[in-house]
Amino acid sequence: MPTILDHRGEPIQRAQLAEPQTARLANLQSEFATHPSRGLTPIKLARILQDAERGDLIAQHELFQDMEEKDGHLFSVMQNRRLALVGLDFSIEPPPNATAAEKSMTDYARDTVTGHIKSILFDMTDAVGHGFSPIEQTWGWVEGQQLPLTAEHRPQSWFQLPQSLGMDRNELRLRDSTADGEALVRYGWVLHRHRARSGYVSRSGLFRVLAWPFLFKNFAVRDLADFLEIYGLPLRLGTYSPSATKEDKSTLLRAVVGIGHDAAAIIPEGMAIDFKNAAQGDNKSFDAMIGLMERTMSKAALGGTLTSGEGEHGTQALGNVHNELRHDLRDADTTQLAETLTCQVIYPVLSLNKGLSDIRRCPRVVFDTQEPEDLQVYSEAVPKLAAIGMRIPVSWAHSRLKIPEAKDGETILVVPRPEQTVSPEDRSPPAPPAPPAPGGDRQQLRARLAASLAEAVSTPTAEPDELDVLAGAMMDEWVEAHDPMRAAVEKALATATSFDDFSQALETVLAEIPPTQLVDLLARGNFAARIWGMLNAPKKPVA
């Protein structure tokens, strides 16, 4: 069997893909988190982050897990960012100028890995906070094809960076009790690295930025809890006689402490408890500190505060700006996800089963990040633009509005034209308009012409009658009268640079055309229509 290389040119061992690599590392399976967030101080946090830079990632990523569990606001903003990616539609597209074979491989990839991608997409987004997200795959044979069957997210604390000089400080390896760790099996992992910051993988996670606001917020919350425990309670001061024994003093102390919570206590004769002023102050300073740290978290994770519900004085315009920033983050995240899925999911399946050897000709994952446009704005603007002569492709409108085009044989939506149902008894000939006087108002003449043409176009007739024959004869004569009008329109279009210029130019050139011929034509047509109506009007019975 020929040697198969991955997208980096490294050889692939098919036999290693049948069993999870971590199954041989029992020390990892038996580990439990140490929860380094307990007793976290600025000095301890700085030491954890420095150890991660030196290759020891355990405490840093266990701290990151604690941060999400303990801080509801942090969990919320991170979920917003992750779910914005998971909810996007995606497709697998062929490379540019694809051949028939490459299109066939693209169809094969769609059929085999689309479901697998959906199952691992949420776990991959865990890399936004940690900097990387390791997902271990197990491969198996399905109808003669070697495909990924299972995928399990592994804790980031299972990994380390090599310690030997000269080795890549960005190479993540499994911890196996050696200095450099164990290299990852090719195609056995989907290792998504998210670059929230530039630099080494140990410093690229977003949680490193969020760790300090998390720490200072915890200080404020702890102090607020202490304050609320004594707020409004008076100071209790106990006095005892000089002859009191140690046991008497302990009894008095328990009474002073207990009376603050139980409102009842007993003390020996000769002792006293004095109540001083209640504890003063308010919680505004604590709330200010907590709010400041939460806004800092939102800015770092979402690019703004108004999209997470924290903006108290923000305008709608500012909210739209913050929302656009969140879209920019989402688009950048999808670009990195698509790159990992293409190289570590699609390419392995095609190289093992279809012999693909060039990553540049591999089908690509494409996320749909296009926002649907305002339908009302487009429904008003597009007809107006088309009316002034813009040639707008239908495919462009479908793309902008995110409305799919109907395929052959699919039922399409139509707007039915209302039909007027009039009984033959109630039908009467329409009153003919009065013929315009020669040399009359030109604007009124044009309005009547437009109304007559619009009515003729929009009013369907079932069968041609005498009026249809008359209209046809008039249209035959209209061609001769229409030529000067068409010349006037073309002249106005040639000199106009905008719609307003066109309207003014058209008014000018139309004023130069004598309306005598048009008036004569309409007058003869109205006369013939009136005679036809008088001859064919139904006779009403005499009462």
Side-chain angles (χ1 to χ4, degrees), residues 79-98 100 102-122 124-125 302-304 306-307 316-317 319-339 341-342 345-346 362-419 454 457-458 460 498-499:
Q79 282 293 97
N80 286 342
R81 183 159 176 178
R82 295 177 64 181
L83 294 179
L85 304 176
V86 176
L88 292 175
D89 294 330
F90 68 90
S91 60
I92 300 176
E93 303 296 333
N97 302 319
E102 290 171 339
K103 292 180 180 179
S104 176
M105 283 195 294
T106 303
D107 294 336
Y108 175 82
R110 292 192 186 107
D111 295 338
T112 55
V113 302
T114 298
H116 184 65
I117 290 175
K118 291 180 179 179
S119 66
I120 67 175
L121 193 55
F122 180 76
M124 291 179 66
T125 60
L302 301 178
L306 296 182
T307 55
Q316 181 180 4
N320 293 335
V321 171
H322 285 201
N323 198 45
E324 289 300 321
L325 292 175
R326 188 176 65 175
H327 290 163
D328 292 341
L329 291 174
R330 180 202 61 190
D331 296 348
D333 293 345
T334 56
T335 300
Q336 298 186 48
L337 282 172
E339 179 183 356
L341 291 170
T342 298
V345 177
I346 297 180
C362 181
R364 307 279 172 172
V365 173
V366 178
F367 285 90
D368 183 7
T369 58
Q370 183 183 16
E371 292 295 321
E373 305 292 347
D374 190 342
L375 292 177
Q376 183 176 358
V377 172
Y378 272 78
S379 64
E380 295 176 355
V382 171
K384 295 178 181 178
L385 296 174
I388 64 175
M390 292 190 66
R391 302 178 62 188
I392 303 175
V394 175
S395 59
W396 175 86
H398 279 278
S399 175
R400 296 296 295 178
L401 300 177
K402 299 190 72 174
I403 300 176
E405 295 191 54
K407 299 179 181 179
D408 294 339
E410 286 188 324
T411 304
I412 62 174
L413 296 175
V414 295
V415 179
R417 180 175 296 174
E419 297 181 0
V457 172
S458 60
S498 65
F499 184 75

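A quick note: this is a predicted structure, and the numbers were derived from the prediction, not measured.
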- Query: What are the two closest heavy atoms between Trp396 and Ile392, and how far apart are they?
  - Reply: CE3-CG2, 3.6 Å

- Task: Kindly write out the residues that satisfy salt bridge (charged side-chain N to carboxylate O under 4.0 Å, His left out) with Asp331, not counting sequence neighbours, or none if the list is empty.
- Result: none

- Which heavy atom in Met124 sits nearest to a heavy atom in Leu337, and how many Å separate them? CE-CD2, 3.8 Å

- Message: Taking side-chain hydrogen bond (donor to acceptor under 3.5 Å, both in side chains) as the cut-off, I'd like each qualifying pair that reaches into residues 82-93, sequence neighbours left out, listed once.
- Response: Arg82-Thr125, Ser91-Glu93

- Query: If every non-hydrogen atom of Thr342 is compared with every non-hydrogen atom of Cys362, which pair is closest and at what distance?
  - Reply: O-SG, 4.0 Å

- Go through the structure and list residues passing salt bridge (charged side-chain N to carboxylate O under 4.0 Å, His left out) with Glu339, not counting sequence neighbours. Arg195

- Hits for side chain to side chain contact (heavy atoms under 4.5 Å, CB included) against Thr114, two or more places apart or cross-chain, chain-then-number order -> Phe90, Ile92, Arg110, Lys118

- Message: I want to check something: taking the side chain as every heavy atom from C-beta on, are Leu341 and Leu121 in contact at a cut-off of under 4.5 Å?
- Response: yes

- Give the intermediate values and the outcome of side chain to side chain contact (heavy atoms under 4.5 Å, CB included) for residues Phe367 and Thr335. CA-CA 8 Å; Phe367 285 90; Thr335 300; over 6 Å; no

- Message: Can a donor-acceptor pair be found, under 3.5 Å and without considering hydrogens, that links the side chain of Ser104 to the backbone of Ala100?
- Response: no

- Task: For Ala98, enumerate each residue passing the side chain to side chain contact (heavy atoms under 4.5 Å, CB included) test, keeping only those at least two apart in sequence or located in another chain.
- Result: Pro94, Pro95, Glu102, Lys103

- Item | Partner set under salt bridge (charged side-chain N to carboxylate O under 4.0 Å, His left out) for Arg364, not counting sequence neighbours | none

- Task: Of all the heavy-atom pairs spanning Thr334 and Leu88, show the shortest one and how long it is.
- Result: CG2-CD1, 3.4 Å

- Message: Looking at every heavy atom in both Thr369 and Arg330, which two are closest together, and how far apart are they?
- Response: O-NH2, 2.9 Å

- Given side chain to side chain contact (heavy atoms under 4.5 Å, CB included), test Ile120 with Val345 step by step and report yes or no. CA-CA 10 Å; Ile120 67 175; Val345 177; 4.1 Å; yes

- Message: Take a 6.0 Å sphere around CG of Asp368 and say whether it holds more than 12 heavy atoms from other residues, nucleotides or ligands.
- Response: yes

- Query: Got a second to check how far Leu85's CG is from Asn80's CG, nearest 0.5 Å?
  - Reply: 11.0 Å

- Looking at Ala406 and Glu410, what are the two nearest heavy atoms and their distance? CA-OE1, 3.4 Å

